[in-house]
Amino acid sequence: MLKRLLITGATGNLGSVCRARLGGLAETLRLSDREGLGDAAPNEELVHCDLGDKPAVEALVEGCDGVVHLGGQSVEAPWEVIRNANVDGVFNLYEAARKSSVTPRIVFASSNHAIGFHKQTTRLDANALTRPDGLYGVSKVFGEAIASMYHDKFGIETASIRIGSCFDAPRNHRMLSTWLSFDDFIALIERIFLVPRLGCPVIYGASANSASWWDNREVAYLGWTPQDNGEVFRAQIDARMDPPPANDVNAVYQGGGFCGDGIHET
Ligand code: NAI
Ligand code: 15L
């Protein structure tokens, strides 16, 4: 069992799920976000912190033997926003981990948008070239690179999860391939902290979707077997909307709409 597990982005969509369901992994949960965190339960410590604030992030990480790093800009945005949260913020986190009196094992919430410009006809494994589909995707490639460097140079272990679409259910036809159920996400995080040696793997964060494009054989050693399958939602989605036309970005590229968004100017 971990002593103190830090969850960044604890106010967000996935942070709220982890806050509710990862309590059993650690004696204490340290929960952080720059937005409201509500009231602390008896096993919780609440820390308001902007990830771009280096000294604050050092204090935040100190004493934690596990980190689930979910905080940050979670969709495309102007560069200054991406840079503060996902570039400076990730660098600050790893520097804090390097300087901490306890070296944490880290889960980094990467994204399918690190590989979004691969076509949906291509099957990818962890060795695939990155093909980010925007500034947000570029920032996730940066995060994976920082994780790799801090592993090789300082021995800090990170699981970079290229999360597909982690919601209660798939929301469109593309998500029948990219969906990650909350149950499978939580089970993956539990395995990441339980496995004796983690290393620095890249993992595709998707359920056992029949329509999947991703191959996780490289990380079989984690012992994670996703149980859910987006396919059970196909009829509901077909009833709600037409599939995208064959030449639409949502039908061509793995990153879907992010591939057609242009760039956010400041
Ligand atoms: P979210 O947007 O709901 O939560 C992100 C949290 O980070 C928010 O509570 C926000 O206040 C906080 N945050 C943003 N900038 C910050 C800053 N500079 N300092 C401190 N806190 C800051 O996103 P969600 O869906 O919970 O995603 C969590 C992580 O997983 C994100 O890093 C996202 O990029 C990644 N991810 C999520 C996917 C999904 O399907 N939900 C898919 C792929 C990646
Ligand atoms: C992401 O990276 C986003 O954080 C999430 O909101 C979804 O848009 C997801 O990718 C997706 O590709 O469906």
Side-chain angles (χ1 to χ4, degrees), residues 9 11-22 68 70 72-76 107 109-126 128 131-134 136-137 140 159-192 202-220 222-261:
T11 306
N13 169 37
L14 300 186
S16 307
V17 172
C18 288
R19 179 178 187 173
R21 297 185 53 180
L22 290 181
V68 178
L70 303 170
Q73 179 60 27
S74 62
V75 290
E76 194 63 332
V107 174
S110 185
S111 169
N112 72 88
H113 298 291
I115 47 86
F117 262 117
H118 281 284
K119 294 225 169 122
Q120 294 183 8
T121 46
T122 311
R123 194 167 172 85
L124 303 183
D125 68 14
R131 293 186 76 171
D133 55 27
Y136 168 68
K140 293 300 186 180
S160 290
I161 310 177
R162 288 182 183 160
I163 302 171
S165 307
C166 194
F167 300 106
D168 52 355
R171 296 175 173 181
N172 53 41
H173 288 87
R174 171 182 162 271
M175 289 192 193
L176 297 174
S177 299
T178 59
W179 184 54
L180 174 63
S181 71
F182 293 146
D183 285 353
D184 285 335
F185 182 51
I186 293 298
L188 173 57
I189 294 174
E190 287 170 349
R191 287 307 307 162
I192 287 166
V202 167
I203 305 156
Y204 289 92
S207 287
N209 303 321
S210 302
S212 178
W213 308 309
W214 301 325
D215 175 347
N216 268 327
R217 266 179 298 187
E218 296 272 335
V219 290
L222 293 176
W224 174 57
T225 310
Q227 301 296 313
D228 293 314
N229 187 341
E231 206 57 32
V232 302
F233 295 94
R234 186 177 289 277
Q236 277 177 37
I237 289 176
D238 280 343
R240 222 184 302 143
M241 64 188 82
D242 290 331
N247 62 351
D248 188 287
V249 283
N250 287 294
V252 175
Y253 296 111
Q254 298 194 1
F258 283 57
C259 297
D261 263 357

**Study point:** Partners meeting salt bridge (Lys or Arg N to Asp or Glu O under 4.0 Å) with R171 (sequence neighbours left out)
**Key:**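 Testing R171 for salt bridge (Lys or Arg N to Asp or Glu O under 4.0 Å), a comparison that skips the adjacent residues, returns none.
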Exercise for review: List for me each residue that meets salt bridge (Lys or Arg N to Asp or Glu O under 4.0 Å) alongside R19, sequence neighbours excluded, and say none if there are none.
Suggested key: E44
Has [X] got a side-chain atom pairing as donor or acceptor with [Y]'s backbone, closer than 3.5 angstrom?
X	Y	value
Q120	Y253	yes
W213	T122	no
S207	S181	yes
W224	D184	yes
D215	D125	no

Could you grab the distance from atom [atom1] of [X] to atom [atom2] of [Y], nearest 0.5 Å is fine?
X	Y	atom1	atom2	answer
L124	R162	CG	CZ	8.0 Å
I189	L14	CD1	CG	8.0 Å
S212	L176	OG	CG	11.5 Å
L188	R191	CG	CZ	10.0 Å
F258	H113	CZ	NE2	3.5 Å

Exercise for review: Have a look at N112 and tell me which of H118, R174, K140 forms a side-chain hydrogen bond (donor to acceptor under 3.5 Å, both in side chains) with it.
Suggested key: R174
Check your understanding: For P244, what residues pass the side-chain contact (heavy atoms from CB on, under 4.5 Å) criterion, not counting sequence neighbours?
Key ->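 Only H173, D248, N250, A251 meet the side-chain contact (heavy atoms from CB on, under 4.5 Å) criterion with P244.
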Exercise for review: Assess whether side chain to side chain contact (heavy atoms under 4.5 Å, CB included) is satisfied between R21 and D183, documenting all intermediate values.
Suggested key: CA-CA 9 Å; R21 297 185 53 180; D183 285 353; 2.9 Å; yes
Practice item. Carefully, step by step, assess W214 and I203 under the rule side chain to side chain contact (heavy atoms under 4.5 Å, CB included). Key: CA-CA 9 Å; W214 301 325; I203 305 156; over 6 Å; no
Check your understanding: Under 3.5 Å, is there a donor-acceptor pair between the S177 and N209 side chains?
Key ->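 No, N209 and S177 have no side-chain donor paired with an acceptor closer than 3.5 Å.
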Taking all heavy atoms of [X] and all of [Y], pick out the closest pair and write down the distance.
X	Y	value
V249	G257	CG2-CA, 4.0 Å
C259	F117	O-CZ, 3.4 Å
F167	W179	O-NE1, 2.9 Å

Check your understanding: So with a 6.0 Å cut-off around CZ of R240, is the heavy-atom count from everything else above 12?
Key -> yes
Practice item. Would you sort out whether V202 and S110 count as a side chain to side chain contact (heavy atoms under 4.5 Å, CB included), showing the intermediate values? Key: CA-CA 9 Å; V202 167; S110 185; over 6 Å; no
Exercise for review: Among I163, N216, L180, I161, find the residue that satisfies the side chain to side chain contact (heavy atoms under 4.5 Å, CB included) test when tested with Y204.
Suggested key: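 So the option named by the test is N216.
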